[in-house]
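Since the model is a prediction, treat every value here as computed from it, not as a measurement.
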Amino acid sequence: MTQHPLYVRFQSPTPGPRGHHPGVFALANALAREGRLSAEEYRFWRAANDWYDATYPNPSDTDPTVYDPHLNPGAVAWFKATARHLIDRVDGYLTLLAHHGVPCERVETTNPGRIVYEDEVQVVAAPMTPFRAPPAL
């Protein structure tokens, strides 16, 4: 019997400075913050972010420490594979990122790490072995 992934994440294939792979929303938000979006792209981004904000819970509203780098180093959010209504709408973000040459990949797993938050549509999980930056030379 084939085991199906339980969790889905869209993220940069390259880790950021803190060692984790920025997710699709962080990547799109960076484009907006940097002023790189056209007026039409900005309208899409704003409407899409507003839809997601209204459609599912923000883990930080429930637990302000969920992304705390000392308590939960490297914690990132994962969609539950059953949250199709959320996953299907990521395509617009992927198109936006591709238009700007920002790579983003889909990752699926049955073990996202140590789960520090969970609701009906998502989990936030910290890696079992957190990223450690190499010592400064």
Side-chain angles (χ1 to χ4, degrees):
M1 180 180 236
T2 304
Q3 191 172 26
H4 297 286
L6 297 174
Y7 306 101
V8 177
R9 180 171 166 76
F10 297 88
Q11 65 183 23
S12 170
T14 307
R18 296 185 318 173
H20 73 285
H21 297 255
V24 66
F25 301 119
L27 295 170
N29 292 350
L31 290 174
R33 187 175 50 252
E34 295 165 4
R36 295 175 53 193
L37 301 180
S38 69
E40 181 180 332
E41 290 171 331
Y42 186 90
R43 281 191 298 276
F44 160 79
W45 167 80
R46 182 71 269 148
N49 276 7
D50 290 346
W51 183 86
Y52 275 101
D53 289 344
T55 304
Y56 77 103
N58 179 342
S60 296
D61 291 345
T62 302
D63 178 359
T65 67
V66 73
Y67 294 112
D68 183 295
H70 301 291
L71 295 175
N72 303 310
V76 295
W78 294 77
F79 291 115
K80 290 183 177 180
T82 55
R84 298 293 325 155
H85 66 293
L86 299 176
I87 295 168
D88 289 346
R89 292 184 69 127
V90 170
D91 287 347
Y93 286 93
L94 299 176
T95 300
L96 177 74
L97 294 173
H99 182 256
H100 289 273
V102 177
C104 190
E105 64 184 1
R106 178 184 174 125
V107 179
E108 299 177 350
T109 187
T110 57
N111 183 7
R114 180 177 55 85
I115 295 176
V116 297
Y117 170 87
E118 183 171 8
D119 62 39
E120 290 185 14
V121 295
Q122 68 186 322
V123 298
V124 175
M128 294 299 188
T129 53
F131 171 81
R132 302 262 186 246
L137 298 176

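- Among residues two or more places apart in sequence or in another chain, the side-chain hydrogen bond (donor to acceptor under 3.5 Å, both in side chains) test is passed with R46 by D50.
- In terms of the side chain to side chain contact (heavy atoms under 4.5 Å, CB included) criterion, P64 has no residue partners (sequence neighbours excluded).
- The salt bridge (Lys or Arg N to Asp or Glu O under 4.0 Å) analysis of residues 93-104, with sequence neighbours excluded, yields no pairs.
- Closest approach of G16 and P22 over heavy atoms only: N-CD, 3.9 Å.
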Donor-acceptor list for residues 79-90 side chains, cut-off 3.5 Å, not counting sequence neighbours:
from: K80; atom 1: NZ; to: E118; atom 2: OE2; distance (Å): 2.8
from: K80; atom 1: NZ; to: D119; atom 2: O; distance (Å): 2.7
from: R84; atom 1: NH2; to: D88; atom 2: OD1; distance (Å): 2.6

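- With rounding to the nearest 0.5 angstrom, the CG atom of L37 is 10.0 Å from the CZ atom of F44.
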Anything under 3.5 Å between a donor and an acceptor, one on a side chain of residues 69-76, the other on a protein residue two or more places apart or in another chain? List them.
from: N72; atom 1: OD1; to: R114; atom 2: NH1; distance (Å): 3.3
from: N72; atom 1: OD1; to: R114; atom 2: NH2; distance (Å): 3.3
from: N72; atom 1: ND2; to: T65; atom 2: O; distance (Å): 3.1
from: N72; atom 1: ND2; to: V66; atom 2: O; distance (Å): 3.1

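- Within the structure, the ring pair (Phe, Tyr, Trp, His ring centres under 6.0 Å) test picks out no pair touching residues 98-128 (sequence neighbours left out).
- Evaluation of the ring pair (Phe, Tyr, Trp, His ring centres under 6.0 Å) rule for F25 yields Y52, Y93 as partners, not counting sequence neighbours.
- For E34, the side chain to side chain contact (heavy atoms under 4.5 Å, CB included) criterion is met by A30, R36, not counting sequence neighbours.
- Pairs passing the salt bridge (Lys or Arg N to Asp or Glu O under 4.0 Å) check and including a residue from residues 52-78, sequence neighbours excluded, do not occur.
- In this view, N29 and W45, N49 satisfy the side-chain hydrogen bond (donor to acceptor under 3.5 Å, both in side chains) rule, not counting sequence neighbours.
- In this structure, the side chain to side chain contact (heavy atoms under 4.5 Å, CB included) partners of T14, at least two apart in sequence or on a different chain, are S12.
- Under a hydrophobic-cluster definition in which Ile, Leu, Val, Met, Phe, Trp and Tyr are linked whenever side-chain heavy atoms come within less than 4.5 Å, directly or via other members, V8 and Y56 are assigned to the same cluster.
- For E108, the side-chain hydrogen bond (donor to acceptor under 3.5 Å, both in side chains) partners are R106, not counting sequence neighbours.
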